[in-house]
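Let me begin by presenting the structure, written as structure tokens, before commenting on it.
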Amino acid sequence: MKIIFATGNQGKIREVKEILGDQVEVLTMKEAGVDCDPEENGSTFTENAYIKARAVREKCKASGNKELIDCIVMADDSGLEIDAMPGELGVKSARFMGHDTSYDIKNQAILDRMKDVPVEERGARFVCAIAAILPDGRELDTKGVMEGQIGYEISGNGGFGYDPIFYLPEYQASSADISAEEKNRISHRGQALRQMKELL
Ligand code: IMP
């Protein structure tokens with residue numbers, strides 16, 4: 001099984017390769033020679049995942065390259081929902097404070113905004129929707145959620161993006177502190193990808 005995964009995010013690609021394992025070959029858009037960056041203007045994670053997957057699928061078809069047309073195209077749309085900052089991140093997580101702002105700055109800004117928010121109001125969750133388009137045009141989607149809290153400090157060197165401020169009470173650690181294997185076992189992306197693997 002050959003999959004083109006529609007993202008340029010290296011953190012996501014690493015996790016997708018780890019989670020899907022050796023039975024499937026995962027190509028990045030760059031490796032497949034496909035270039036596209038559609039506007040993610042959907043109002044849900046699932047809509048945005050389909051926007052990306054369909055755009056890449058169209059590029060594959062337009063290429064006339066049978067190897068690309070025979071691949072499964074998959075895309076994820078994910079993000080962080082923070083209860084104390086409703087509507088600010090969610091499907092707009094990557095755009096929060098601007099695409100090019102570093103996560104060190106974004107994470108610190110969120111901690112600063114939430115410094116007086118009590119622990120019981122610090123609920124947050126990572127959500128991941130996966131959309132897949134099969135070579136015959138059939139479409140499938142799955143979703144995973146990882147519940148946690150916004151921590152009080154930046155912690156850990158693993159993961160990517162908002163992981164250093166995402167506190168997992170049951171581990172007393174952030175999702176950047178735990179091992180990659182453990183994160184993949186419990187994460188929103190791990191759940192959604194394993195469901196998709198089952199469906200396929
Ligand atoms: P997307 O590329 O539009 O799906 O944007 C996803 C956004 O959510 C990016 O800002 C990511 O940094 C963030 N995000 C998604 N999944 C994770 C994760 O597992 N850890 C940390 N940040 C994540």
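All ligand and atom numbering here is 1-based and tracks the order in the structure.
The shortest contact between atom 21 (C) of ligand 1 and any protein heavy atom is with F160 O, 2.9 Å. Here the protein heavy atom with the shortest distance to atom 23 (C) of ligand 1 is F126 CE2, 3.5 Å. Closest to atom 11 (C) of ligand 1 among all protein heavy atoms lies Y103 OH, 3.7 Å. In this structure, atom 6 (C) of ligand 1 lies nearest to the protein heavy atom S78 O, 3.0 Å. When hydrogens are left out, the protein atom nearest atom 22 (N) of ligand 1 is Y162 N, 3.2 Å; that is the closest non-hydrogen contact.
Salt-bridge formation is not detected for the pair D70/K2: no Lys NZ or Arg NE/NH1/NH2 atom is positioned less than 4.0 Å from an Asp or Glu carboxylate oxygen. Looking at E58 and K61, a side-chain N of the basic residue comes within less than 4.0 Å of a carboxylate O on the acidic one, giving a salt bridge. Using a cut-off of 4.0 Å between Lys/Arg side-chain N and Asp/Glu carboxylate O, R113 and E88 are scored as salt-bridged.
Between H188 and ligand 1, at least one pair of N/O atoms sits closer than 3.5 Å. The shortest N or O to N or O distance between D77 and ligand 1 is under 3.5 Å.
Cation-pi contact between K92 and F96: absent, since separation from the ring centre below 6.0 Å together with deviation from the ring axis within 45° is not met.
With ligand atoms numbered from 1 in the order given, ligand 1 contributes 7 (C), 8 (O), 10 (O) to contacts under 4.0 Å with heavy atoms of S93. Within ligand 1, the atoms closer than 4.0 Å to a non-hydrogen atom of R189 are 15 (C), 16 (N), 17 (C), 19 (O), numbered from 1 in the order shown. Those atoms of ligand 1 with a heavy atom of K183 less than 4.0 angstrom away are 18 (C), 19 (O), 20 (N). Counting the atoms of ligand 1 from 1 in the order shown, those under 4.0 Å from a heavy atom of K12 are 1 (P), 2 (O), 4 (O).
Counting heavy atoms closer than 4.0 Å to ligand 1, residue F166 contributes nothing at all. Within the 4.0 Å heavy-atom criterion, neither part of M146 lies near ligand 1. At a 4.0 Å heavy-atom cut-off, ligand 1 does not touch F96 at all.
The closest approach between any non-hydrogen atom of K52 and ligand 1 is below 4.0 Å. Residue contacts with ligand 1 do not include S187, since none of its heavy atoms lies under 4.0 Å from the ligand.
Note that CE of M97 and CG of L89 are 10.0 Å apart. Values are rounded to the nearest 0.5 Å.
Hydrophobic clustering keeps V127 apart from I150 (ILVMFWY residues linked when any side-chain heavy atoms are closer than 4.5 Å, directly or through intermediates). Residues M114 and Y103 share a hydrophobic cluster, clusters being chains of Ile/Leu/Val/Met/Phe/Trp/Tyr side chains in contact below 4.5 Å.
Between the side chains of Q108 and D112, at least one donor N or O sits under 3.5 Å from an acceptor N or O.
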